[in-house]
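In what follows, a single structure is set out as structure tokens and then discussed.
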Amino acid sequence: MEKDLKKQIEVACQGTEDILVKDELVKMLGISIKENKPLKVKLGLDPTAPDIHLGHTVVLNKLRQFQDMGHKAVLIIGDYTARIGDPSGRSTLRPKLDPEVIDKNAETYMKQAFKILDSEKTEVVKNSEWLQPLQLADILNLTSRFTVARMLERDDFKKRFNGNISIAIMEFLYPIMQAYDSVAINSDIELGGTDQRFNLLVGRELQKDLGQRQQIAITMPLLVGLDGVSKMSKSLGNYIGVTEKPDEIFGKVMSIPDSLIIGYYRLLTRLPKTEIDSIEKQITTQGENPVFAKRNLAKIIIGILYDKQQAEDAEQHFDIIFKEKKIPDEIPEFCISGEDITEGRMSIVNLLVKSGLAESNADAKRQIIQGAIKANDVKITDINLIFNTQGLKGMIIQKGKRFFRKINIQ
RNA sequence: GGAGGAGUGCCCGAGUGGUCAAAGGGAGCAGACUGUAAAUCUGCCGGUGUAAGCCUACAUAGGUUCAAAUCCUUUCUCCUCCA
């Protein structure tokens with residue numbers, strides 16, 4: 001266990017958005033060191049989707065840092081809360097999920113979370129374990145401790161309320177259930193994104209009400225997505241999944257706006273603060289081209305999710321395609337089937353649509369007109385072009401800089 | 001239960017009888033530029049068609065009209081106020 005209190009505090013606070021309450025955290029860490037008693041650090045994950053992305057890893061990274069300092073990570077699989085759906089940051093009620101789907105999601109979630117976490121030092125529990133057996137009387141008891149006014153203090157509820165958008169009563173139950181999780185495991189610290197702030201605080205209140213020591217709530221900033229505008233989310237498509245291929249991750253990191261680089265360092269790399277500060281200084285005041293920092297960032301992220309070697313490979317791959325503008329060696333294959341061929345011929349437009357490079361015939365034509373399409377590295381300008389299918393075997397069709405298809409005939 | 005407001009393209013949002021496939025922004029795609037899939041600039045951005053055009057689309061179903069996202073009615077959904 002890390003014995004240096006100062007260091008512990010620094011690591012604990014690094015990159016956080018908010019700590020409620022910081023003084024208490026300092027005290028708590030001090031006691032923990034003195035008594036050589038690790039703290040229970042809680043993180044709840046609702047398995048509402050099968051995959052996690054870098055946005056989720058922000059908080060996982062923080063948990064990992066606590067693990068590395070010798071504390072105990074308690075990962076709560078919100079299999080029961082997932083049925084309600086966290087209303088945080090939402091403007092509409094979440095769709096309900098089937099328990100089977102939730103279980104399945106939970107499985108892949110775990111696997112992916114352990115790309116970040118140290119599985120040896122993690123306790124995993126499902127909250128159905130204690131939420132399922134609750135009787136109505138228990139629930140009434142819990143709900144009686146909170147008021148509607150208190151619920152409406154929460155920003156997103158308030159916004160919905162004021163903005164004439166519906167709030168299901170059930171949604172009020174979500175924070176209470178999450179709070180009850182904290183009570184059930186008697187947590188010392190709970191981690192979450194900024195959108196979790198309210199939920200984490202309700203946990204504190206409930207613990208106090210039930211005579212437990214209040215947990216410290218640590219919130220992490222939400223990771224901005226690849227578009228540089230909205231938070232990273234699957235539904236917006238601006239995300240990097242942790243199971244994506246290294247090449248893909250590298251490319252996607254390279255596509256973030258330069259303004260996001262430092263934020264990504266802080267939230268995704270676990271590098272010491274001083275190091276990140278110096279990178280920031282190099283870019284902002286010493287005129288260093290951000291591309292280097294960005295490449296390095298991409299490699300670090302891949303290194304965490306895979307390993308160093310694969311990170312190097314991904315970088316090389318990127319250079320081959322985008323600096324030397326060569327064609328990558330792994331290209332998705334597209335197999336032409338008989339019905340697409342008329343009298344041994346197939347039009348370029350049809351080929352683009354069928355291979356998924358274009359969304360519609362109109363889109364295919366547009367792309368050709370804009371000069372985006374190449375066949376075997378030769379630009380195509382004629383939207384009426386028709387191929388003899390024999391000649392298509394092994395042909396490489398390219399759209400723009402980064403979409404390729406290798407043609408095959410069955 | 002009563003009174004009133006709202007529902008527009010992937011998202012936000014303008015539009016209140018024709019000039020609307022619908023302003024603007026965001027996202028997306030492409031081109032130029034670049035040591036970046038960054039920034040910036042330019043173009044595209046419902047389908048079909050070489051094109052004229054045709055089809056589909058402004059919650060839903062009908063109606064008025066030469067003509068409707070825009071007017072009327074039905075249904076659905078959401079909200080506000082009153083009780």
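Letters A, B, ... mirror the listed sequences (proteins, then strands); counts begin at 1.
You'll find the side chain of A:V11 stays beyond 4.5 Å of the side chain of A:D68, heavy atoms only. Taking 4.5 Å as the limit, some side-chain heavy atom of A:F146 sits within range of a side-chain heavy atom of A:E205. A:K62 places a side-chain heavy atom less than 4.5 Å from the side chain of A:T16. Using a 4.5 Å heavy-atom cutoff, the side chains of A:K126 and A:D103 are in contact. A 4.5 Å side-chain heavy-atom check between A:L39 and A:I216 finds every atom pair outside the cut-off.
For the pair A:N238 CG and B:A38 P, the interatomic distance rounds to 15 Å; values are reported in whole Å. Separating the CG atom of A:D363 from the C1' atom of B:U48 is a distance of 14 Å, rounded to the nearest angstrom. A:I320 places its CD1 atom 17 Å from the C1' atom of B:U36, with the value rounded to the nearest Å. In this structure, A:K245 places its NZ atom 20 Å from P of B:A37, rounding to the nearest Å. Distance, A:E288 CD to B:A39 P: 20 Å, rounded to whole Å. Remark: P of B:C44 and CD1 of A:I369 are 11 Å apart, rounded to the nearest angstrom. Atom NZ of A:K399 is separated from atom P of B:C45 by 14 Å (rounded to the nearest Å). One atom, CG of A:N350, and another, C1' of B:U48, lie 14 Å apart when rounded to the nearest Å.
Across B:U36, B:G31, B:C29, the shortest atom-to-atom separation from the side chain of A:N289 is found for B:U36. Side-chain proximity of A:R366 to B:C45, B:C33, B:C29: nearest is B:C45. Listed nucleotides B:C29, B:A37, B:U36 differ in distance to A:Q367; the shortest reach to its side chain belongs to B:C29. Comparing atom distances between the A:N361 side chain and each of B:U48, B:A30, B:U36 picks out B:U48 as nearest. Among B:G31, B:C29, B:U36, the nucleotide with an atom closest to any side-chain atom of A:F318 is B:U36.
Atoms CG and CG, from A:N141 and A:L136 in turn, are 11.0 Å apart once rounded to the nearest 0.5 Å. A:L200 CG to A:I189 CD1: the interatomic distance, rounded to the nearest 0.5 Å, is 11.5 Å.
Taking only side-chain nitrogens and oxygens, A:S360 comes nearer than 4.0 Å to OP1 or OP2 of B:G47. The shortest distance between the side-chain N/O atoms of A:K365 and the OP1/OP2 oxygens of B:U48 is not below 4.0 Å. In this structure, A:K294 does not reach the B:A37 phosphate: none of its side-chain N or O atoms is under 4.0 Å from OP1 or OP2.
A:G400 comes within contact range of the sugar-phosphate backbone alone, with a heavy-atom separation under 4.0 Å but no base atom that close. Residue A:F250 is classed as having no contact, given no heavy-atom separation below 4.0 Å to the nucleic acid. A:I321 comes within 4.0 angstrom of nothing in the nucleic acid, heavy atoms only.
Looking at residues two or more places apart in sequence or on another chain, you find a side-chain contact (heavy atoms from CB on, under 4.5 Å) between A:F403 and A:L357, A:K399.
Distance check on atom P: B:C44 versus B:C54 gives 23 Å, rounded to whole Å. B:A39 sits 42 Å from B:G53 when the C1' atoms are compared, rounded to a whole Å. Spacing between B:U74 and B:A14 at atom C1', rounded to whole Å, works out to 28 Å. Separating the C1' atom of B:G47 from that of B:G9 is a span of 13 Å, rounded to the nearest Å. The P atoms of B:G13 and B:A67 are separated by 33 Å, rounded to the nearest whole Å. Distance check on atom P: B:A38 versus B:G31 gives 12 Å, rounded to whole Å. Comparing B:U73 with B:U80, their C1' atoms sit 24 Å apart, to the nearest whole Å. Spacing between B:G46 and B:G24 at atom P, rounded to whole Å, works out to 13 Å.
Nearest-nucleotide mapping onto RNA chain B: of A:K379 and A:E248, the residue sitting toward the 5' end is A:K379. Checking A:V253 against A:A362, the closest nucleotide of RNA chain B that is more toward the 5' end is the one next to A:V253.
Within the structure, ring-ring contact (aromatic ring centres under 6.0 Å, His included) pairs that include any residue of residues 295-321 of chain A comprise A:F250-A:F318, A:F318-A:F322 (at least two apart or interchain).
With a cut-off of 3.5 Å on both Watson-Crick or G-U wobble distances, the partner of B:A23 is given as none. The nucleotide B:G53 finds its pairing partner in B:U48, both defining distances of the Watson-Crick or G-U wobble pair being shorter than 3.5 Å. Pairing for B:C66 goes to B:G18, judged as Watson-Crick or G-U wobble with the two contacts each under 3.5 Å. In a base pair of the Watson-Crick type (N1 to N3 plus N6-O4 or O6-N4) or a G-U wobble (N1-O2 and O6-N3), with each distance short of 3.5 Å, B:A6 is matched with B:U77. Checking B:A30 for Watson-Crick or G-U wobble geometry (two distances, each under 3.5 Å) identifies B:U42 as its partner. Pairing for B:U60 is absent, judged as Watson-Crick or G-U wobble with the two contacts each under 3.5 Å.
You won't find any donor-acceptor pair under 3.5 Å spanning the side chain of A:Q370 and the base of B:G31, going by distance alone.
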Please enumerate all protein N or O atoms sitting under 3.5 Å from an N or O of nucleotides 22-28 of chain B, with distances to 0.1 Å.
none

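The minimum heavy-atom distance linking A:V58 with A:L223 is given by the pair CG2-CB, 4.0 Å.
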